[in-house]
Enquirer: 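Supplied in structure tokens, the structure appears directly below.
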Amino acid sequence: MNKTVQYISLVLVYLFYAGISVIMKYTGLQQPLTIEWCVGFVLLVATLGVYAIAWQQILKHIELGVAYMFKGLSLFFIMVLLAICYGEPITPIKLVATGIIMVGVTLYAKSNE
């Protein structure tokens, strides 16, 4: 697996991971033990299971340090998904912080080529 495919795989896994936050927020907004809450909980557990398997597959091909460095991207994805799904504000400080993370990940990825 070449580096580009590895990095794309990492980004996709972390995008999937960000979706877990959307499901978590949905479940948290429901009354406990209602049908909606139970569906959210089951979906959350299933999604975490799929993420865990995908993460293990990624680690077969990528060093842990590199894979974990990309985890910062999930913060960006979570911020965007929650803004889209729940209207959470994207403040200037969030944009600056996310930008710093993205620059760091990009520089790290470039230095590993």
Enquirer: Name all pairs fulfilling the salt bridge (charged side-chain N to carboxylate O under 4.0 Å, His left out) condition that reach into residues 46-61, sequence neighbours left out, sorted by first residue then second.
Expert: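 Every candidate salt bridge (charged side-chain N to carboxylate O under 4.0 Å, His left out) pair involving residues 46-61 fails, so no pair, neighbours aside, qualifies.
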Enquirer: Would you list the pairs meeting salt bridge (charged side-chain N to carboxylate O under 4.0 Å, His left out) in which at least one residue belongs to residues 50-59, sequence neighbours left out?
Expert: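 Sorted result for residues 50-59: empty, none.
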Enquirer: With clusters built from Ile, Leu, Val, Met, Phe, Trp and Tyr whose side-chain heavy atoms come within less than 4.5 Å, directly or transitively, what are the remaining members of the cluster of Ile93, listed by chain and number?
Expert: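 ILVMFWY cluster around Ile93 holds nothing else.
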Enquirer: With sequence neighbours excluded, tell me which residues meet side chain to side chain contact (heavy atoms under 4.5 Å, CB included) with Ile84.
Expert: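 Val80.
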Enquirer: My understanding is that only residues two or more places apart in sequence, or in another chain, count here; which of them pass ring pair (Phe, Tyr, Trp, His ring centres under 6.0 Å) with Tyr17?
Expert: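 Testing Tyr17 for ring pair (Phe, Tyr, Trp, His ring centres under 6.0 Å), a comparison that skips the adjacent residues, returns Tyr51.
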Enquirer: What are the two closest heavy atoms between Ile62 and Ala67, and how far apart are they?
Expert: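 Looking at all heavy atoms of both residues, the shortest contact is CG2-N, 3.9 Å.
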Enquirer: Running the 4.5 Å side-chain criterion over Ile, Leu, Val, Met, Phe, Trp and Tyr, what cluster does Ile53 land in, apart from itself?
Expert: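 Cluster partners of Ile53: none, it stands alone.
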Enquirer: Under the side chain to side chain contact (heavy atoms under 4.5 Å, CB included) test, which residues partner Leu75, sequence neighbours left out?
Expert: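 Leu75 satisfies side chain to side chain contact (heavy atoms under 4.5 Å, CB included) with Ile101 only.
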Enquirer: Can you list everything that forms a salt bridge (charged side-chain N to carboxylate O under 4.0 Å, His left out) with Lys71? Sequence neighbours excluded, please.
Expert: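 Expected list: none.
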Enquirer: Does one hydrophobic cluster hold both Tyr14 and Ile8, with members joined at side-chain heavy-atom distances below 4.5 Å?
Expert: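 Result: no, two separate clusters.
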Enquirer: What are the two closest heavy atoms between Thr47 and Leu43, and how far apart are they?
Expert: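 In this case the closest contact between Thr47 and Leu43 is OG1-O, 2.6 Å.
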Enquirer: Check whether Leu64 and Val11 end up in the same hydrophobic cluster, where Ile, Leu, Val, Met, Phe, Trp and Tyr are linked by side-chain heavy atoms less than 4.5 Å apart.
Expert: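 Yes, Leu64 and Val11 fall within the same hydrophobic cluster.
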Enquirer: From Leu81 CG over to Ser21 OG, what is the distance, rounded to the nearest 0.5 angstrom?
Expert: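 Spacing of CG (Leu81) from OG (Ser21) equals 8.5 Å.
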Enquirer: Show the nearest heavy-atom pair for residues Asn2 and Val5, with the distance to one decimal.
Expert: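 The answer is OD1-N, 2.8 Å.
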Enquirer: Transitively linked via ILVMFWY side-chain contacts under 4.5 Å: Leu15 with Met102?
Expert: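 Same hydrophobic cluster.
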Enquirer: Among the clusters formed by ILVMFWY side chains lying less than 4.5 Å apart, do Leu73 and Leu95 turn up in the same one?
Expert: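 Yes, one cluster joins them.
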Enquirer: Please list, one pair per line, the donor and acceptor atoms closer than 3.5 Å that link side chains of residues 23-30 to other protein atoms, with sequence neighbours excluded.
Expert:
residue	atom	partner	partner atom	Å
Lys25	NZ	Glu88	OE2	2.6
Thr27	OG1	Ile23	O	2.9
Thr27	OG1	Gly40	O	3.4
Gln30	NE2	Tyr26	O	3.1

Enquirer: Over all heavy atoms of both residues, which pair between Ser74 and Ala18 is shortest? Give the atoms and the distance, please.
Expert: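 Closest approach of Ser74 to Ala18: O-CB, 4.2 Å.
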Enquirer: Do Val39 and Leu44 belong to the same hydrophobic cluster, where Ile, Leu, Val, Met, Phe, Trp and Tyr are linked whenever their side-chain heavy atoms lie under 4.5 Å apart, directly or via other members?
Expert: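 Result: no, two separate clusters.
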Enquirer: Just wondering, more than 12 heavy atoms not from Phe16 lying within 6.0 Å of its CZ?
Expert: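 Counting other residues, nucleotides and ligands, CZ of Phe16 exceeds 12 neighbours.
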Enquirer: State which residues pass side chain to side chain contact (heavy atoms under 4.5 Å, CB included) with Lys94; sequence neighbours excluded, sorted by chain then number.
Expert: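 Checked Lys94 against side chain to side chain contact (heavy atoms under 4.5 Å, CB included); matches are Met79, Thr91.
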Enquirer: Can you tell me how far apart CZ (Phe77) and CD1 (Ile20) are? Round to the nearest 0.5 Å.
Expert: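 So the CZ of Phe77 and the CD1 of Ile20 are separated by 13.5 Å.
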Enquirer: Which residues pass the ring pair (Phe, Tyr, Trp, His ring centres under 6.0 Å) test with Tyr86, sequence neighbours left out?
Expert: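 For Tyr86, no residue satisfies ring pair (Phe, Tyr, Trp, His ring centres under 6.0 Å) once neighbours in sequence are set aside.
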Enquirer: Go through Ile100 and Val103 one step at a time and tell me if the side chain to side chain contact (heavy atoms under 4.5 Å, CB included) criterion holds.
Expert: CA-CA 5 Å; Ile100 290 170; Val103 167; 5.9 Å; no
Enquirer: Output every pair passing salt bridge (charged side-chain N to carboxylate O under 4.0 Å, His left out) with a member in residues 31-57, not counting sequence neighbours, ordered by first then second residue.
Expert: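 Checked against salt bridge (charged side-chain N to carboxylate O under 4.0 Å, His left out) - neighbours excluded - no pair reaches residues 31-57.
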Enquirer: Can you tell me if Thr34 uses its side chain to pair, donor with acceptor, with the backbone of Gln31 under 3.5 Å?
Expert: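 Confirmed, Thr34 side chain pairs with Gln31 backbone.
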